[in-house]
K.L.:
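One structure coming up, written as structure tokens, with questions to follow.
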Amino acid sequence: MAIKTAIIGCGRTANELHGPVLEKHPEFDVKVICDVNQEALDKYSQRFPEARKETDYHTLLNSDEFDFAIILTYSYMHTAMALDFIRAGKNVLITKPWAITTGEADSIIAEAEKNNVIVMPFIPCHDGADVVKLKEVIAAGTIGKVFRVYRAQMTFGKRSDWQTLKAYAGGYLNNWGPHIVEQAMHLVDEPIKTVYAHKRQIINPGDADDMFCSTMTTESGVIVQVDHNIISDYLPNWVVQGDKGTIYVKGNEMEIHEISYPAANDPNVYRSVTETKKTHITLEGKIFGDHYAIYSMIAETLKGKPYIVSLDYARHLTEIMQSIHESADEGKLVIL
């Protein structure tokens, strides 16, 4: 039986990312759509003509028309809406950022446990094609022990919508951070312990950041750098350095440099001569995640299988994001 679903928020994300999957996925039956904007609601109803339309989500909390709510609204609304649906006994999927602060994350976790419902932060890039292949190469020992990870997303172009405003929890850290910070966190696979960061407003209007850069260290001392830049598209998306080589990724193209050192050290030479083996790979699959496959996984979670990440993992991501904000806003090193 298909999962009876409500979609809360019918804007760009609902139309471009979730709607195209949900309207053809056999595991989901969209029963209700909701948005305060009647025009957006009417437009979205063309995808789901049999779904009931509603402009106030509060009227849905006691409805038995659906069991699963997908929250796709403005970022500052996510936690309050999620808590309302959780307390009403509904399972929820929350688009990024699922929580702005660790206090919000703790509230969601506590209420989910109390009400025995499933909560899933939406993290589509978690197993993107780039992350999967990077983890495979690292696990094989190809570049030795990793000591530094650089993850960047670069773009040209301005925005002038709500994402440029702090009042809506806009800004590129809240918008892109849950993707690229989470990917770096997933790759190193250990807790982040220190954070130092900068944010800037470069070209967008409004008052929220449109670029950020952060340097973090993990529990074992791996250096992790995450960067979103609004006025460049040339730098690599990944540079992963180990003591035996480096991996570079730009888009779907990966190049692995394996370094061979001489058998013995010679103290009389300035620097030992090394050999470099270069391997080029075109990544298969989607680097920002396969949304159809993700929704298949979500369906399995709603039927009892574990979600792709734990809520404790998601809370640590929120903690890191919160610390990047704090470091950039106050100009200090944050120790987690």
Side-chain angles (χ1 to χ4, degrees), residues 75 96-106 121 123-128 130-132 134-135 137-139 143-155 169 171-202 208-230 232 235-243 246-249 287-288 309-336:
S75 296
K96 50 81 185 176
W98 79 301
I100 302 296
T101 67
T102 53
E104 291 181 354
D106 289 339
I123 49 167
C125 300
H126 182 76
D127 277 339
D130 48 358
V131 181
V132 170
L134 283 167
K135 289 181 76 71
V137 174
I138 291 168
I143 62 166
K145 184 178 181 180
V146 172
F147 63 89
R148 179 176 176 265
V149 172
Y150 173 76
R151 172 69 174 103
Q153 195 64 36
M154 307 291 177
T155 184
Y172 274 63
L173 176 53
N174 286 345
N175 186 23
W176 270 97
H179 295 317
I180 60 178
V181 172
E182 190 281 325
Q183 285 187 315
M185 173 184 164
H186 179 35
L187 188 69
V188 296
D189 196 27
E190 61 180 5
I192 297 294
K193 289 300 181 182
T194 70
V195 174
Y196 188 76
H198 296 280
K199 296 186 296 183
R200 294 288 187 273
Q201 184 186 2
I202 306 297
D209 61 276
D210 57 17
M211 69 82 64
F212 67 90
C213 56
S214 60
T215 297
M216 301 171 279
T217 56
T218 71
E219 197 170 57
S220 71
V222 177
I223 301 166
V224 180
Q225 295 176 286
V226 180
D227 185 1
H228 189 288
N229 198 312
I230 193 66
S232 174
L235 295 174
N237 298 115
W238 291 92
V239 180
V240 181
Q241 293 178 268
D243 59 8
T246 302
I247 310 170
Y248 304 89
V249 181
I287 59 174
F288 295 116
V309 300
S310 69
L311 291 183
D312 285 341
Y313 176 97
R315 184 194 186 279
H316 185 48
L317 173 60
T318 300
E319 182 183 24
I320 297 168
M321 295 277 295
Q322 179 177 270
S323 298
I324 293 173
H325 277 296
E326 181 183 353
S327 176
D329 291 341
E330 300 182 20
K332 67 179 186 181
L333 176 71
V334 177
I335 300 175
L336 282 65

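All figures in this text were calculated on a predicted structure; none of them were measured in a lab. By convention here, the first residue in the shown sequence is residue 1.
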K.L.:
What heavy-atom pair brings Ala197 and Ser327 nearest, and what distance separates the two atoms?
P.N.:
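The pair with the smallest heavy-atom distance is N-OG, 2.8 Å.
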K.L.:
Any idea which heavy atoms bring Lys135 and His186 closest together, and the distance?
P.N.:
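Heavy-atom minimum between the residues: NZ-O, 3.1 Å.
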K.L.:
What's the separation between atom OH in Tyr196 and atom OG1 in Thr215, rounded to the nearest 0.5 Å?
P.N.:
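Between Tyr196 OH and Thr215 OG1, I get 9.5 Å after rounding to 0.5 Å.
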K.L.:
First locate atom CE of Met211, then atom OG of Ser232, and finally report the distance between them rounded to the nearest 0.5 Å.
P.N.:
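Between atom CE of Met211 and atom OG of Ser232 there are 10.0 Å.
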K.L.:
Nearest 0.5 Å, what's the CG-CD distance between Leu336 and Glu219?
P.N.:
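That separation rounds to 11.5 Å.
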K.L.:
With heavy-atom distances below 4.5 Å as the criterion, would you say the side chains of Tyr313 and His126 are in contact?
P.N.:
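Tyr313 reaches His126 side chain to side chain.
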K.L.:
Answer yes or no: is there a side-chain heavy-atom contact under 4.5 Å between Pro124 and His179?
P.N.:
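Answer yes - side chains close enough.
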K.L.:
Can you tell me if Thr318 uses its side chain to pair, donor with acceptor, with the backbone of Ala314 under 3.5 Å?
P.N.:
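Answer holds: yes.
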K.L.:
If you look at every heavy atom in Asn229 and Met154, which pair is closest and at what distance?
P.N.:
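Closest approach of Asn229 to Met154, heavy atoms only: CB-SD, 3.0 Å.
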K.L.:
Does Lys96 come within less than 4.0 Å of Glu182, counting only side-chain N to carboxylate O?
P.N.:
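Result for this pair is no, no salt bridge flagged.
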K.L.:
Could you state the interatomic distance from CZ (Arg315) to OG1 (Thr101), rounded to the nearest 0.5 Å?
P.N.:
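With rounding to 0.5 Å, CZ (Arg315) is 9.5 Å from OG1 (Thr101).
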K.L.:
What are the two closest non-hydrogen atoms of Ala184 and Trp238, and how far apart are they?
P.N.:
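That closest heavy-atom pairing would be N-CH2, 4.1 Å.
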K.L.:
Roughly how far apart are Thr194 OG1 and Ile335 CD1, rounded to 0.5 Å?
P.N.:
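Thr194 atom OG1 to Ile335 atom CD1 measures 7.5 Å (nearest 0.5 Å).
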K.L.:
Okay, side chain of Asp243, backbone of Lys145: is any donor-acceptor separation there less than 3.5 Å?
P.N.:
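Pair found, side chain donor or acceptor close to backbone of Lys145.
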K.L.:
Counting distance only, does the side-chain N/O of Glu319 pair as donor-acceptor with the main-chain N or O of Thr102 below 3.5 Å?
P.N.:
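Such a contact is absent between Glu319 side chain and Thr102 backbone.
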K.L.:
Please determine if Arg200 and Asp209 form a salt bridge, counting it only when a charged side-chain N lies under 4.0 Å from a carboxylate O.
P.N.:
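A salt bridge is absent here (no side-chain N lies under 4.0 Å from a carboxylate O).
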K.L.:
For His325 and Asn174, what are the C-alpha separation, side-chain angles and deciding distance, and is it a side chain to side chain contact (heavy atoms under 4.5 Å, CB included)?
P.N.:
CA-CA 9 Å; His325 277 296; Asn174 286 345; 2.9 Å; yes
K.L.:
Work out which heavy atom in Pro178 is nearest to a heavy atom in Met321; give both atom names and the distance.
P.N.:
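Closest heavy-atom pair between Pro178 and Met321: CD-CE, 3.5 Å.
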K.L.:
Please confirm whether the backbone N or O of Ile100 pairs with a side-chain atom of Glu104, one donor and one acceptor, at under 3.5 Å?
P.N.:
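Such a contact is found between Glu104 side chain and Ile100 backbone.
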K.L.:
Got a donor-acceptor contact below 3.5 angstrom from the Gln183 side chain to the Cys125 backbone?
P.N.:
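It does hold such a pair.
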K.L.:
Is there a side chain to side chain contact (heavy atoms under 4.5 Å, CB included) between Met216 and Val226 once you walk through the steps?
P.N.:
CA-CA 8 Å; Met216 301 171 279; Val226 180; 3.6 Å; yes
K.L.:
Is there a donor-acceptor contact under 3.5 Å from the side chain of His316 to the main chain of Glu190?
P.N.:
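Not at all, since once roles are kept as given, no pair shorter than 3.5 Å links the two residues.
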K.L.:
Please step through side chain to side chain contact (heavy atoms under 4.5 Å, CB included) for the pair Ile143 and Thr246, ending with a clear verdict.
P.N.:
CA-CA 6 Å; Ile143 62 166; Thr246 302; 5.9 Å; no
K.L.:
Indicate yes or no: does Arg151 engage Asp227 in a salt bridge with an N to O separation below 4.0 Å.
P.N.:
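No.
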K.L.:
Check Leu311 against Pro121 and note the closest heavy-atom contact, atom names and distance.
P.N.:
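Leu311 and Pro121 have their closest heavy atoms at CD2-CD, 3.8 Å.
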K.L.:
Would you say Thr218's side chain and Val222's backbone share a donor-acceptor pair under 3.5 angstrom?
P.N.:
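Present.
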K.L.:
Picking from Val188, Val137, Leu187, what satisfies side-chain contact (heavy atoms from CB on, under 4.5 Å) with Val240?
P.N.:
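With Val240 as partner, Val188, Val137, Leu187 yield a single side-chain contact (heavy atoms from CB on, under 4.5 Å), made by Leu187.
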K.L.:
Between Val195 and Leu333, does a side chain to side chain contact (heavy atoms under 4.5 Å, CB included) hold up when you go through it step by step?
P.N.:
CA-CA 6 Å; Val195 174; Leu333 176 71; 5.9 Å; no
K.L.:
Can you tell me how far the CD atom of Gln153 sits from the CG atom of Asn175, to the nearest 0.5 Å?
P.N.:
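Going from the CD atom of Gln153 to the CG atom of Asn175 covers 11.0 Å.
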